[in-house]
Amino acid sequence: MESAAANRLLDSSPKQISETCEVLKEIVGEMAKQVLASDWQTMAGLDMQFHSALVEGVGNSRFIRIYKTLAAESRMCIFDLDVSYPRMDVLVQEHQNILDLLKAGDRDGLLKAIRGHLQQATTQRKPSASDSIRCREHDGRLV
């Protein structure tokens, strides 16, 4: 979904790209602050915000609804970021790279970076005891 959103964004107006980049820049800035705090739960929430903002930048309500449905199903991997990323600063760098490539209009580089980033969470994730339980509690809700 993020790759499709990136393609649509790059085909949109410079204003729409710029506005989306500003939102993403704010989120990456907040992510950078979490490196010192080593707060993986907050980082996971910011990661979700980044991906949601990228998709919302397209401005298509149906596309956004579809993404939100898929994102709800993928939350378990996102809240296990500390397992996928041994260093929080690497996660921030990946998001900054995605932002920079979007800003530069580098379609091929952007799509490659998004694919690599999304694969990181699944290929680097180590099985844990909680994997046998397929739901997690976050903010008082089962996800």
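Just so it is clear, the values below take in all heavy atoms, side chains as well, and ignore hydrogens, waters and symmetry mates.
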- Message: Do Gln93 and Asp89 have side chains that approach each other closer than 4.5 Å (heavy atoms only, starting at C-beta)?
- Response: yes

- In terms of side-chain heavy atoms, does Asp100 have a donor or acceptor partner in Gln96 at a distance below 3.5 Å? yes

- Nearest 0.5 Å please: distance from the CG atom of Asp108 over to the NZ atom of Lys112. 10.0 Å

- Please walk me through it: do Leu102 and Leu54 pass side chain to side chain contact (heavy atoms under 4.5 Å, CB included)? CA-CA 10 Å; Leu102 176 62; Leu54 178 63; 4.1 Å; yes

- Can you measure from CG (Leu46) to CG (Leu91) and round to the nearest 0.5 angstrom? 9.5 Å

- Message: Once rounded to the nearest 0.5 Å, what's the spacing between atom CG of Leu24 and atom NE2 of His95?
- Response: 9.0 Å

- Note on the structure: Closest non-hydrogen atoms of Leu110 and Leu10, given as atom of the first, atom of the second and distance, are CD2-CD1, 3.8 Å

- Message: With rounding to the nearest 0.5 angstrom, report the CD to CD distance, Glu22 to Glu19.
- Response: 9.5 Å

- Task: Identify the two heavy atoms, one from Met1 and one from Val55, that lie closest to each other, and give their separation to 0.1 Å.
- Result: O-CG2, 4.5 Å

- Task: Taking the side chain as every heavy atom from C-beta outward, state whether Val58 and Ser12 have any pair of such atoms under 4.5 Å apart.
- Result: no

Under 3.5 Å, side-chain donor or acceptor atoms of residues 26-33 against the rest of the protein: list the pairs with distances, not counting sequence neighbours.
unit_1 : atom_1 : unit_2 : atom_2 : d
Glu30  : OE2    : Lys33  : NZ     : 3.0

- Message: If I take atom OG1 from residue Thr20 and atom NZ from residue Lys103, how far apart are they, to the nearest 0.5 angstrom?
- Response: 12.0 Å

- Query: So, the side chain of Ser18 versus the backbone of Pro14: is there a donor-acceptor pair under 3.5 Å, distance only?
  - Reply: no

- Query: Does Gly57 offer a backbone N or O that forms a donor-acceptor pair with the side chain of Gln16 under 3.5 Å?
  - Reply: yes

- Message: For a quick test of reading the model, state the closest non-hydrogen atom pair linking Leu111 to Ala6 and the distance between them.
- Response: CD2-CB, 4.1 Å

- Please work out whether the ring planes of His117 and His51 are parallel, tilted or perpendicular, with thresholds of 30° and 60°. parallel

- Look only at the side chain of Ser52 and the backbone of Gln49, and say whether a donor-acceptor pair between them is shorter than 3.5 Å. no

- Item | Side-chain donor or acceptor of Gln34 paired with backbone N/O of Trp40 under 3.5 Å | no

